[in-house]
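A short write-up of the structure that comes next.
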Amino acid sequence: MSAKIISGTEVAKAIREELKTEVTELKEKHDIVPGLVTILVGEDPASQSYVSAKNKTAHALGIHSEQVTLAADTTEQDLLATVEKYNKDKNIHGILVQLPLPKHINETNILYAIDPDKDVDGFHPVNVGKMVLGEECFLPCTPHGILELLTRSGVETSGAEVVIIGRSNIVGKPIANLMLQKRKGGNATITLCHTRTKDMAAHCKRADIIIAAVGVPKMVTADMVKDGVVVIDVGVNRIGKTAEGKAILAGDVDFDAVKEKASYITPVPGGVGPMTITMLMKNTVQAAKQIAGVK
Ligand code: GUN
């Protein structure tokens, strides 16, 4: 069997069309233009490319976007002042501080300083708490994108054995939480594997759905999965450069081998990545509507 490829590019395109219509209507009916600011500290090439893609997408959808780039030696105080400025800015509904931050800045202090009503990443503890409780909130973008990929591809999650590899605050922990809830894309039985897991392959072999978010290229191999497994690959690993200097990317899954056993699989690039950006746009539109009191 060769797997059906879940194209994040295609699913993201469909959601972006829906958002474009929503943004046009917000402007025409309510004179509201959703606004997003991205704040990048330092010159990490991967972060630069993510932030630039976020701004480009916002622009294409008619969302006002501002990009703030701060020097790598910016102080925590200066970054807090920048966040505060945008907390007060009436034209900005969503604030995104690109992670990771340089070591001398305390990430928690920065994430806590973002107004929860503008926290389109869903990283503020108020939104994390609401998410865990199953209340209405901004869902973190990558996990939200994964749920959309699964549900729009018709993958049954109810009662499924889901193995998640990686316990990060951005992907592993929130997707585990969301998929065990009584919700669309939920009701699954969750196993969360991490660096201290004793027999990763044994867990993976039992899984109906594997979500890999570890940052180790091609870690999930064909001998670790059962026939018919659904594989969502969150990894974006830079494993080299082309002659033109373009990054060569690999996921956390050995795509070529695993696709011969899987029923569905996401590619890298073109899988989860475009969905993360799209869900950020969705959250920004949601933030603009909530702040303006539009249903
Ligand atoms: N770094 C990697 N993923 C993300 C994300 O979803 N949001 C932010 N702010 N930083 C990231």
Side-chain angles (χ1 to χ4, degrees), residues 8 12 15 36-58 63 65-70 72 74 79-80 82-83 86-87 92-103 105-116 118-128 131 137-149 164 166-178 211-216 232-238 247 249 251-252 266 268-269 271-284 286-287:
I15 300 174
L36 170 72
V37 64
T38 57
I39 304 171
L40 172 65
V41 184
E43 287 161 10
D44 175 64
S47 292
Q48 280 175 333
S49 117
Y50 294 143
V51 163
S52 142
K54 288 167 187 177
N55 284 284
K56 227 164 100 183
T57 307
I63 293 173
S65 83
E66 296 181 23
Q67 184 171 344
V68 177
T69 307
L70 301 172
T74 297
L79 181 54
L80 285 169
T82 305
V83 168
Y86 287 103
N87 278 343
I92 294 296
H93 308 96
I95 301 172
L96 177 138
V97 177
Q98 186 65 26
L99 303 178
L101 288 167
K103 294 267 178 291
I105 297 178
N106 182 322
E107 214 159 87
T108 307
N109 291 347
I110 304 302
L111 297 179
Y112 277 46
I114 296 172
D115 180 345
K118 295 190 176 186
D119 170 38
V120 284
D121 256 328
F123 292 167
H124 189 284
V126 165
N127 286 314
V128 175
M131 179 204 67
C137 63
F138 294 115
L139 293 182
C141 303
T142 301
H144 195 183
I146 293 170
L147 289 188
E148 289 289 331
L149 284 180
I164 296 160
R167 56 179 154 181
S168 71
N169 289 336
I170 295 182
V171 185
K173 283 191 224 164
I175 192 66
N177 248 293
L178 289 166
I211 299 174
V214 257
V216 178
I232 303 290
D233 190 351
V234 185
V236 183
N237 306 293
R238 286 159 188 255
L249 303 179
D252 291 346
T266 61
V268 176
V272 174
M275 292 301 292
T276 296
I277 299 179
T278 300
M279 301 331 280
L280 174 69
M281 301 302 134
K282 197 171 171 71
N283 281 351
T284 303
Q286 183 188 332

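Owing to the predicted nature of the structure, the values given are computational and were not obtained by experimental measurement. First listed ligand is number 1; within each ligand, the first listed atom is number 1.
Heavy atoms only, all atoms of each residue included: H93 and T284 are closest at CB-O, 4.3 Å. T74 and L79 get closest at one heavy-atom pair: CG2-N, 4.1 Å.
The side-chain contact (heavy atoms from CB on, under 4.5 Å) test applied to P174 returns M131, P140, P143, not counting sequence neighbours.
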Per-pair distances, ligand 1 N/O vs protein N/O, less than 3.5 Å:
residue, atom, partner, partner atom, Å
ligand 1, 1 (N), Q98, NE2, 3.3
ligand 1, 1 (N), L99, O, 2.9
ligand 1, 7 (N), D121, OD1, 3.0
ligand 1, 7 (N), D121, OD2, 3.4
ligand 1, 9 (N), V97, O, 2.8
ligand 1, 9 (N), D121, OD2, 2.6
ligand 1, 10 (N), L99, N, 3.0

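Residue F123 is tested with L99, I110, T108 for a side chain to side chain contact (heavy atoms under 4.5 Å, CB included); the sole match is L99.
Side-chain contact between I114 and Y86: absent, with no pair of heavy atoms (C-beta onward) separated by less than 4.5 Å. Inter-residue side-chain proximity for D115 and H124 is flagged as unmet; no heavy-atom pair is nearer than 4.5 Å.
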